[in-house]
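The analysis underlying the following values was restricted to heavy atoms, covering all of them including side chains, and did not include hydrogens, waters or symmetry mates. Along the sequence shown, residues are numbered consecutively beginning with 1.
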Amino acid sequence: MTTTAGTGDGLSDPGLGAIMSERRRLIDLGYRLLGSLTDAEDVVQETYARWYAMSAREQQAIESPGAWLTTVAGRICLNLLGSARARRETYVGDWLPEPLPDPTEWITGRSGGTDPADRVTLDESVTMAFLVVLDAMTPAERVAFVLHDVFRYPFGEVAEIVGRTPAACRQLASSARRRIRAAQSPAGPSSRQAGIVRRFRTAWEAKDIDALIGLLDPDAVATADGGGLAVTHPRPLVGGERIARAYARIARLSGDRTAFLECTVNGLPGLVARQDGALATVFAFEIAGDRIRRIWAVRNPEKLRPWRIDRGDVP
């Protein structure tokens with residue numbers, strides 16, 4: 001199998017350096033397909049295990065090791081996406097993608113180090129809004145769209161991974177593209193978004209319901225993910241006023257125990273809540289114009305390990 005999406009001439013040498021240089025791209029692919037850094041790391045580990053399970057002769061017979069690794073990783077992700085739908089039926093509450101900190105603060109939950117190969121490249125294809133829309137797609141749609149539109153793989157190669165014809169993959173990607181366009185909203189520059197998040201934080205700390213309502217879209221939705229391991233509102237909160245009153249109530253109940261910090265979440269301005277000095281929640285926002293349209297609050301501690309390590313909360 002040949003590819004135009006490899007990373008350079010070094011891939012003709014299936015040596016350790018050339019093979020391991022693919023790690024960052026495979027992590028990027030796995031996270032976008034699965035919405036979980038933990039699962040992405042598992043996929044990469046399994047992909048490399050399959051590579052090194054082959055004999056040296058079998059490895060040398062592969063024209064493009066990078067393409068081979070991507071094909072294997074893509075197929076593993078496709079299988080995981082299918083089983084994930086069954087797992088979600090037993091998940092407690094709403095499921096949200098794992099939020100990622102800013103690359104300058106990146107530390108993976110497993111290695112405890114700062115290997116650049118373990119960092120996910122943050123761009124518009126990993127914002128929380130983008131990942132939530134991806135999660136609503138069928139597994140085949142998601143894989144076809146991410147491989148073609150994000151990683152620029154030709155449909156002929158996408159077809160080998162998805163197990164469908166190139167024409168069918170083109171239709172899958174087109175359908176996914178329509179979903180993305182329908183969900184997109186004009187967000188404005190990052191500096192403006194940061195200002196809105198800052199005003200939201202100030203109003204929240206002041207328990208100023210009117211100010212919160214003014215910053216929220218009338219049809220805003222707030223979704224929380226506790227995974228049964230942290231207390232959250234059981235269903236999404238719908239409506240700016242309802243969200244404002246609920247969040248003001250949370251601020252009153254937490255009192256001085258909670259501090260809100262501005263941070264970058266999946267490449268966009270967000271907030272972190274620390275309770276009694278320990279990280280408790282990561283908040284991501286979707287902003288349309290000058291109003292907050294969506295809030296995603298991730299409280300499941302299993303999804304926050306990179307943030308905790310970054311800030312010294314766990315060994």
Can you confirm whether R201 is buried at CZ, in the sense that more than 12 heavy atoms of other residues, nucleotides or ligands lie under 6.0 Å from that atom? yes

Interatomic spacing from [atom1] in [X] to [atom2] in [Y] - rounded to 0.5 Å:
| X | Y | atom1 | atom2 | result |
| --- | --- | --- | --- | --- |
| N300 | L229 | CG | CG | 5.0 Å |
| F155 | Q171 | CZ | CD | 9.0 Å |
| L100 | T127 | CG | OG1 | 11.5 Å |
| R257 | Q275 | CZ | CD | 4.0 Å |
| I76 | D39 | CD1 | CG | 12.0 Å |
| R249 | I209 | CZ | CD1 | 9.0 Å |

State whether the side chain of [X] and the backbone N or O of [Y] hold a donor-acceptor pair below 3.5 Å, judged by distance alone.
| X | Y | value |
| --- | --- | --- |
| R142 | L33 | yes |
| T264 | G267 | no |
| S254 | I250 | yes |
| R291 | L216 | yes |
| E205 | T202 | no |
| R179 | A136 | yes |
| D94 | T223 | no |
| E41 | I27 | no |

Answer with yes or no whether the side chains of [Y] and [X] bring together a donor and an acceptor at under 3.5 Å.
| X | Y | result |
| --- | --- | --- |
| R87 | S83 | yes |
| D225 | Y91 | yes |
| S174 | R170 | no |
| T281 | R299 | yes |

Under a 4.0 Å N-O cut-off, is there an ion pair linking [X] with [Y]?
| X | Y | answer |
| --- | --- | --- |
| R199 | D208 | no |
| R24 | D28 | no |
| E160 | R75 | no |

Can you confirm whether or not the ring centre of F283 sits under 6.0 Å from the ring centre of W296? no

With clusters defined by side-chain heavy atoms of hydrophobic residues (ILVMFWY) lying less than 4.5 Å apart, directly or transitively, does [Y] cluster with [X]?
| X | Y | value |
| --- | --- | --- |
| L78 | L69 | yes |
| V197 | L96 | no |
| I295 | V282 | no |
| Y52 | V72 | yes |
| F130 | L172 | yes |

Please tell me if the side chains of [X] and [Y] come closer than 4.5 Å, counting only heavy atoms from C-beta onward.
| X | Y | answer |
| --- | --- | --- |
| F285 | I196 | no |
| P99 | M128 | yes |
| V265 | C263 | yes |
| S190 | P269 | yes |
| W204 | L212 | yes |
| F151 | T70 | no |
| Y48 | R23 | yes |
| I161 | E157 | no |

Would F145 and R177 satisfy side-chain contact (heavy atoms from CB on, under 4.5 Å), going step by step from the backbone distance to the final call? CA-CA 7 Å; F145 174 79; R177 210 173 293 123; 4.2 Å; yes

Take R293 and D217 through the test salt bridge (charged side-chain N to carboxylate O under 4.0 Å, His left out) and record every step on the way to the result. CA-CA 5 Å; R293 179 182 176 187; D217 186 279; over 6 Å; no

Just do the side-chain contact (heavy atoms from CB on, under 4.5 Å) check on W68 and R50 with the steps written out, would you? CA-CA 10 Å; W68 186 94; R50 295 187 187 185; 4.0 Å; yes

For [X] versus [Y], what's the shortest heavy-atom pair and its separation?
| X | Y | result |
| --- | --- | --- |
| E98 | S36 | OE2-OG, 2.8 Å |
| A159 | C169 | CA-SG, 3.6 Å |
| V133 | A183 | CG2-CB, 3.5 Å |
| A173 | D149 | CB-OD1, 4.2 Å |
| A203 | L215 | CB-CD1, 4.5 Å |
| P236 | R242 | O-NH1, 4.1 Å |

Walk me through it: do I292 and E286 pass the test side-chain contact (heavy atoms from CB on, under 4.5 Å)? CA-CA 6 Å; I292 295 171; E286 180 182 26; over 6 Å; no

Parallel, tilted or perpendicular: which fits the ring planes of Y247 and H233, with parallel below 30° and perpendicular above 60°? tilted

For Q45 and V43: C-alpha separation, side-chain torsions, deciding distance, then whether side-chain contact (heavy atoms from CB on, under 4.5 Å) applies. CA-CA 5 Å; Q45 183 175 345; V43 166; over 6 Å; no

